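These notes are about the structure you will find just below.
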Amino acid sequence: MSQMSHRKDFLVFGSPLIEKAEIVEVVASLRSGWIGTGPKVHRFEEMFRDFSGSRYALAVNSCTAALPLSMLVLGLHPGDEVIVPAMTFAATANAVIHAGGRPILADCRRDTVNIDPEDVERRITKRTRAIIPFHFAGRPCEMDAICDIARRHKLHIVEDCAHAIEAEFQWKKVGSFGALGCFSFYVTKNIVTGEGGMVVTNRGEYANKIKMLALHGMSQDAWKRYSDEGFKHYQVVYAGFKYNMTDLQASLGIHQLPRIERYWRKRERIWHAYDRAFRDLPVFLPAAVSEGTKHARHLYTLLLDTDKLRIGRAQFLERMTQSNIGVGVHYIALHLHPYYRKTFGYKPGDFPNAEWISQRTVSLPLSPKLGHEDVGDVIDAIDCILRRVRK
Ligand SMILES: Cc1ncc(COP(=O)(O)O)c(C=O)c1O
């Protein structure tokens with residue numbers, strides 16, 4: 001271990017806080033035998049629907065499932081284009097491909113890391129059908145500008161809210177600005193179900209179709225088929241998928257969701273502690289939160305001011321790991337990955353802001369599970385590393 005760290009155990013990046021109620025609930029599901037999709041999934045959907053303010057909430061087994069289902073119900077045709085951020089996780093763009101469309105990348109803003117509405121507008125063609133704004137790190141995108149573009153060009157909006165369960169723009173919850181909103185409850189997310197996701201929408205026909213597509217394209221879900229209401233035959237009405245959430249997953253969700261505000265406050269306190277601790281170091285801090293918005297505080301990302309450092313990002317990550325602090329990189333922009341380069345001809349230099357961020361970004365632990373000492377250890381490690389290598 002490095003002489004820089006006095007920390008004995010490794011601080012895992014994005015470790016979830018699982019409390020007793022979830023454990024008891026999972027065991028109760030196991031005892032009941034309802035380990036597939038059942039009443040708890042239904043309850044979690046109702047709870048999330050009320051939380052989101054949308055008319056419908058459909059639980060699925062990941063946000064990676066939620067996104068292509070949302071694209072499919074929009075009825076893309078081969079060659080239809082959907083504008084997605086270059087600075088996002090692969091699942092955002094892959095959703096378009098799996099629904100038969102072509103993802104068109106747009107650059108982000110350097111300050112907010114969110115998709116740049118001006119670049120979105122530049123990339124609209126006759127084939128553009130939709131935009132997928134992604135609320136990076138939990139910071140809401142400029143939804144007024146994006147909705148305005150969508151309205152003028154008659155485009156759908158599907159929001160990628162994987163980081164942004166609590167986020168609001170002009171005090172309206174994200175996920176409800178466009179046709180559909182997609183959420184994640186993956187292990188590192190703001191609330192967790194292990195794997196899990198949710199689609200919200202205000203349109204009944206989208207909700208019905210997503211429910212069926214998520215379970216083989218069948219007209220009745222398994223829970224209803226085998227319930228005591230009497231045997232019911234199903235009909236296959238679409239070539240569907242197996243994307244349903246299970247009661248074991250929902251057992252976590254129904255206890256995590258009521259704690260969402262408490263967890264958010266805890267992460268906000270850690271966020272402010274980081275802001276105070278790093279302001280004199282050679283880094284760019286996350287931009288201030290815009291008026292009228294709620295930041296979901298999902299990821300605290302530092303941008304290394306590499307011009308003022310004698311080491312690069314790779315060495316910094318290495319030193320953090322040696323100091324027993326887990327870190328993340330969100331993200332290496334999509335146009336730099338082999339698949340998108342090979343398939344769509346993207347190349348380095350195409351999205352300068354996303355690339356600039358890709359080279360400098362480091363995400364720090366920001367879980368409600370972190371204790372006072374953990375936060376102190378993260379701060380000490382960064383302070384110690386950066387003071388030694390500043391030019
Ligand atoms: C921006 C973004 N979209 C989608 C996903 C996919 O979420 P899931 O892990 O629930 O499939 C992630 C996951 O990290 C993400 O960061």
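Computed from a prediction, not measured in an experiment: that's the story for all the values here. When a ligand or atom number is given, it counts from 1 through the structure's own listing order.
Within 6.0 Å of atom NZ in K391, more than 12 heavy atoms from other residues, nucleotides or ligands are found, so the atom counts as buried in its surroundings. Around atom CD1 of I35, no more than 12 heavy atoms belonging to other residues, nucleotides or ligands sit under 6.0 Å away.
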Check each N or O atom of ligand 1 against all protein N or O atoms and list the pairs under 3.5 Å, with atom names and distances to 0.1 Å, one per line.
unit_1, atom_1, unit_2, atom_2, d
ligand 1, 3 (N), D160, OD1, 3.3
ligand 1, 3 (N), D160, OD2, 2.8
ligand 1, 10 (O), C63, N, 2.9
ligand 1, 10 (O), S184, OG, 2.7
ligand 1, 11 (O), C63, N, 3.4
ligand 1, 11 (O), T64, N, 2.9
ligand 1, 11 (O), T64, OG1, 2.5
ligand 1, 14 (O), K189, NZ, 2.6
ligand 1, 16 (O), H163, NE2, 3.0
ligand 1, 16 (O), Y331, OH, 2.8

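Within the 4.5 Å cutoff, side-chain heavy atoms of F241 are placed close to those of L69.
Scanning all heavy atoms of the two residues, the minimum distance from W271 to P286 falls at CZ2-CB, 3.6 Å.
For K173 and F51, the positive end sits near the middle of the six-membered ring, less than 6.0 Å away and at most 45° from its axis.
E166 pairs in a salt bridge (charged side-chain N to carboxylate O under 4.0 Å, His left out) with only one of the listed residues (R267, K189, R139, R262), which is R267.
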